[in-house]
Amino acid sequence: MAKYSVETSIIISLVVGLIISNIPILGIRGMFSVIIVGFVASYYTTPEKTSYKVGAMAGVTLAVVLLVISFLTPPDLPYTLPSATSLGVVVMANQFSILILGIILSLLIYWFLGALGGYLATQFFNPPEAVDKTHYREPLRGVSKKRPRRTLERKKP
(Lines give C-alpha, C1' and ligand atoms only; values in the text may rest on other atoms or scores of the structure.)
Protein backbone atom coordinates (compact mmCIF):
# COMPACT_ATOMS: atom_id res chain seq x y z
CA MET A 1 0.00 0.00 0.00
CA ALA A 2 1.17 3.47 -0.75
CA LYS A 3 1.03 6.04 2.00
CA TYR A 4 -0.70 9.11 0.60
CA SER A 5 -3.17 11.38 2.33
CA VAL A 6 -6.87 10.94 1.66
CA GLU A 7 -7.07 13.96 -0.64
CA THR A 8 -4.07 12.94 -2.72
CA SER A 9 -5.32 9.38 -3.09
CA ILE A 10 -8.73 10.64 -4.26
CA ILE A 11 -7.11 12.86 -6.90
CA ILE A 12 -4.89 9.99 -8.08
CA SER A 13 -7.90 7.68 -8.29
CA LEU A 14 -9.89 10.26 -10.28
CA VAL A 15 -7.08 10.55 -12.81
CA VAL A 16 -6.83 6.75 -13.05
CA GLY A 17 -10.61 6.45 -13.43
CA LEU A 18 -10.83 9.08 -16.16
CA ILE A 19 -7.95 7.47 -18.04
CA ILE A 20 -9.37 3.94 -17.72
CA SER A 21 -12.88 4.92 -18.80
CA ASN A 22 -11.60 6.73 -21.92
CA ILE A 23 -9.38 3.94 -23.27
CA PRO A 24 -11.61 1.85 -25.54
CA ILE A 25 -9.09 -1.03 -25.81
CA LEU A 26 -9.55 -1.95 -22.15
CA GLY A 27 -13.33 -2.01 -22.38
CA ILE A 28 -13.77 -0.92 -18.76
CA ARG A 29 -16.62 1.53 -18.62
CA GLY A 30 -19.58 2.37 -16.46
CA MET A 31 -19.88 0.97 -12.99
CA PHE A 32 -16.64 -1.01 -13.13
CA SER A 33 -14.65 2.19 -13.56
CA VAL A 34 -16.31 3.66 -10.46
CA ILE A 35 -15.49 0.52 -8.46
CA ILE A 36 -11.88 0.80 -9.63
CA VAL A 37 -11.80 4.46 -8.57
CA GLY A 38 -12.98 3.54 -5.07
CA PHE A 39 -10.52 0.66 -4.93
CA VAL A 40 -7.54 2.79 -5.96
CA ALA A 41 -8.48 5.59 -3.54
CA SER A 42 -8.68 3.20 -0.59
CA TYR A 43 -5.55 1.35 -1.64
CA TYR A 44 -3.38 4.47 -1.79
CA THR A 45 -4.34 5.92 1.60
CA THR A 46 -2.34 5.38 4.75
CA PRO A 47 -3.26 2.15 6.58
CA GLU A 48 -4.63 4.08 9.57
CA LYS A 49 -7.13 6.00 7.46
CA THR A 50 -8.08 3.28 4.98
CA SER A 51 -11.79 2.52 4.95
CA TYR A 52 -14.68 2.18 2.57
CA LYS A 53 -15.52 5.85 3.20
CA VAL A 54 -12.47 6.95 1.20
CA GLY A 55 -13.73 4.98 -1.80
CA ALA A 56 -17.20 6.48 -1.33
CA MET A 57 -15.76 10.00 -1.31
CA ALA A 58 -13.82 9.23 -4.49
CA GLY A 59 -16.98 7.91 -6.15
CA VAL A 60 -18.98 11.02 -5.26
CA THR A 61 -16.14 13.24 -6.45
CA LEU A 62 -16.08 11.36 -9.76
CA ALA A 63 -19.85 11.85 -10.07
CA VAL A 64 -19.50 15.60 -9.55
CA VAL A 65 -16.65 15.82 -12.09
CA LEU A 66 -18.66 13.91 -14.69
CA LEU A 67 -21.71 16.07 -13.95
CA VAL A 68 -19.74 19.26 -14.59
CA ILE A 69 -18.23 17.80 -17.77
CA SER A 70 -21.66 16.74 -19.07
CA PHE A 71 -23.10 20.19 -18.34
CA LEU A 72 -20.30 21.87 -20.27
CA THR A 73 -20.45 19.66 -23.37
CA PRO A 74 -23.38 20.31 -25.72
CA PRO A 75 -25.58 17.37 -26.75
CA ASP A 76 -26.40 16.38 -30.33
CA LEU A 77 -29.65 18.18 -31.10
CA PRO A 78 -32.12 17.68 -33.95
CA TYR A 79 -32.60 20.38 -36.55
CA THR A 80 -35.83 21.75 -35.14
CA LEU A 81 -36.71 22.08 -31.50
CA PRO A 82 -40.13 22.81 -30.06
CA SER A 83 -40.51 26.29 -28.63
CA ALA A 84 -40.65 26.69 -24.87
CA THR A 85 -43.89 28.68 -25.08
CA SER A 86 -45.71 25.89 -26.87
CA LEU A 87 -44.64 23.29 -24.26
CA GLY A 88 -45.60 25.34 -21.23
CA VAL A 89 -44.23 25.95 -17.78
CA VAL A 90 -45.50 22.65 -16.37
CA VAL A 91 -43.31 20.60 -18.70
CA MET A 92 -40.30 22.75 -17.86
CA ALA A 93 -40.87 22.34 -14.10
CA ASN A 94 -41.35 18.60 -14.55
CA GLN A 95 -38.08 18.29 -16.45
CA PHE A 96 -36.26 20.35 -13.81
CA SER A 97 -37.51 18.05 -11.05
CA ILE A 98 -36.39 15.03 -13.08
CA LEU A 99 -32.95 16.64 -13.48
CA ILE A 100 -32.59 17.15 -9.70
CA LEU A 101 -33.79 13.60 -9.00
CA GLY A 102 -31.30 12.25 -11.55
CA ILE A 103 -28.44 14.14 -9.88
CA ILE A 104 -29.38 12.81 -6.44
CA LEU A 105 -29.71 9.23 -7.69
CA SER A 106 -26.42 9.35 -9.58
CA LEU A 107 -24.65 10.66 -6.48
CA LEU A 108 -26.11 7.79 -4.42
CA ILE A 109 -25.15 5.17 -7.01
CA TYR A 110 -21.61 6.52 -7.37
CA TRP A 111 -21.32 6.67 -3.55
CA PHE A 112 -22.37 3.03 -3.25
CA LEU A 113 -20.08 1.77 -6.03
CA GLY A 114 -17.10 3.75 -4.69
CA ALA A 115 -17.77 2.36 -1.21
CA LEU A 116 -17.87 -1.14 -2.69
CA GLY A 117 -14.46 -0.62 -4.30
CA GLY A 118 -13.09 0.79 -1.04
CA TYR A 119 -14.49 -2.15 0.91
CA LEU A 120 -12.82 -4.59 -1.48
CA ALA A 121 -9.50 -2.78 -1.09
CA THR A 122 -9.69 -2.88 2.70
CA GLN A 123 -10.63 -6.56 2.72
CA PHE A 124 -7.86 -7.65 0.36
CA PHE A 125 -4.94 -5.35 1.14
CA ASN A 126 -5.37 -3.87 4.60
CA PRO A 127 -3.09 -5.60 7.11
CA PRO A 128 -4.90 -6.71 10.27
CA GLU A 129 -2.65 -4.77 12.65
CA ALA A 130 -3.41 -1.51 10.87
CA VAL A 131 -7.13 -1.73 11.58
CA ASP A 132 -8.18 0.79 14.19
CA LYS A 133 -9.94 -1.15 16.93
CA THR A 134 -10.65 1.67 19.32
CA HIS A 135 -14.37 1.50 18.67
CA TYR A 136 -14.61 -2.22 19.42
CA ARG A 137 -15.53 -3.26 22.92
CA GLU A 138 -13.43 -5.87 24.64
CA PRO A 139 -15.39 -8.70 26.26
CA LEU A 140 -15.31 -8.73 30.01
CA ARG A 141 -13.09 -11.46 31.37
CA GLY A 142 -12.75 -12.82 34.86
CA VAL A 143 -15.71 -11.00 36.28
CA SER A 144 -17.37 -13.10 38.93
CA LYS A 145 -20.93 -12.78 39.96
CA LYS A 146 -20.01 -12.78 43.66
CA ARG A 147 -18.96 -9.53 45.16
CA PRO A 148 -16.10 -9.59 47.61
CA ARG A 149 -17.02 -8.97 51.23
CA ARG A 150 -16.37 -5.54 52.50
CA THR A 151 -14.29 -5.32 55.57
CA LEU A 152 -13.93 -2.34 57.74
CA GLU A 153 -10.66 -1.73 59.40
CA ARG A 154 -10.84 0.43 62.43
CA LYS A 155 -8.01 2.44 63.79
CA LYS A 156 -6.78 1.29 67.17
CA PRO A 157 -6.17 4.09 69.63
Side-chain angles (χ1 to χ4, degrees), residues 1-78 81 84 87 89-147:
M1 277 189 185
K3 297 186 180 201
Y4 293 111
S5 67
V6 174
E7 297 85 9
T8 307
S9 65
I10 288 175
I11 291 172
I12 290 171
S13 69
L14 287 178
V15 170
V16 168
L18 290 175
I19 289 172
I20 284 176
S21 64
N22 287 325
I23 296 177
I25 295 172
L26 296 176
I28 300 173
R29 300 181 73 82
M31 69 179 200
F32 295 114
S33 64
V34 181
I35 292 173
I36 289 173
V37 165
F39 185 88
V40 168
S42 292
Y43 180 76
Y44 278 139
T45 55
T46 58
E48 297 84 26
K49 295 182 181 180
T50 300
S51 71
Y52 71 94
K53 295 175 186 176
V54 178
M57 286 188 286
V60 169
T61 308
L62 181 66
V64 170
V65 167
L66 292 177
L67 179 75
V68 169
I69 289 173
S70 64
F71 267 122
L72 294 178
T73 56
D76 295 329
L77 297 174
L81 292 174
L87 291 176
V89 178
V90 176
V91 173
M92 186 172 46
N94 186 19
Q95 295 300 320
F96 184 72
S97 65
I98 289 174
L99 173 72
I100 298 299
L101 183 65
I103 291 171
I104 292 170
L105 284 177
S106 67
L107 286 173
L108 287 173
I109 291 170
Y110 276 68
W111 177 84
F112 175 74
L113 291 174
L116 178 66
Y119 177 75
L120 292 174
T122 57
Q123 290 301 313
F124 290 132
F125 294 107
N126 198 13
E129 66 271 0
V131 176
D132 183 25
K133 294 188 177 184
T134 57
H135 60 279
Y136 293 116
R137 192 171 176 186
E138 291 287 328
L140 298 175
R141 294 184 197 144
V143 176
S144 66
K145 303 244 180 202
K146 290 184 177 180
R147 297 176 83 186

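None of the values given here were measured: they were computed from a predicted structure.
Of all non-hydrogen atoms in Ser42 and Gly118, the two that sit nearest each other are OG-CA, 3.0 Å. Of all heavy-atom pairs spanning Thr45 and Ser9, the tightest one is CG2-OG, 3.0 Å. Closest non-hydrogen pair, Val37 versus Ala58, comes out as CG1-CB, 3.8 Å.
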Donor-acceptor pairs are to be reported for all side-chain atoms of residues 61-69 against protein atoms at under 3.5 Å, with residues two or more places apart or in another chain.
| residue | atom | partner | partner atom | Å |
| --- | --- | --- | --- | --- |
| Thr61 | OG1 | Met57 | O | 2.6 |

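Considering only residues two or more places apart in sequence or on other chains, Tyr4 meets the ring pair (Phe, Tyr, Trp, His ring centres under 6.0 Å) condition with Tyr44. Partners of Ile104 according to the side-chain contact (heavy atoms from CB on, under 4.5 Å) rule, which considers only residues two or more places apart in sequence or in another chain, are Ile100, Leu108. Residues satisfying the ring pair (Phe, Tyr, Trp, His ring centres under 6.0 Å) test with Tyr110, not counting sequence neighbours, are none. In terms of the side-chain contact (heavy atoms from CB on, under 4.5 Å) criterion, residue partners of Leu99 (sequence neighbours excluded) are, by chain and number, Phe71, Phe96, Ile103.
In this structure, a donor-acceptor pair under 3.5 Å is absent between the side chains of Thr50 and Thr122.
Applying the ring pair (Phe, Tyr, Trp, His ring centres under 6.0 Å) definition to pairs two or more places apart or across chains, those involving residues 19-40 are Phe39-Phe125.
The distance from atom CD1 of Ile10 to atom CD of Glu7, rounded to the nearest 0.5 Å, is 7.0 Å.
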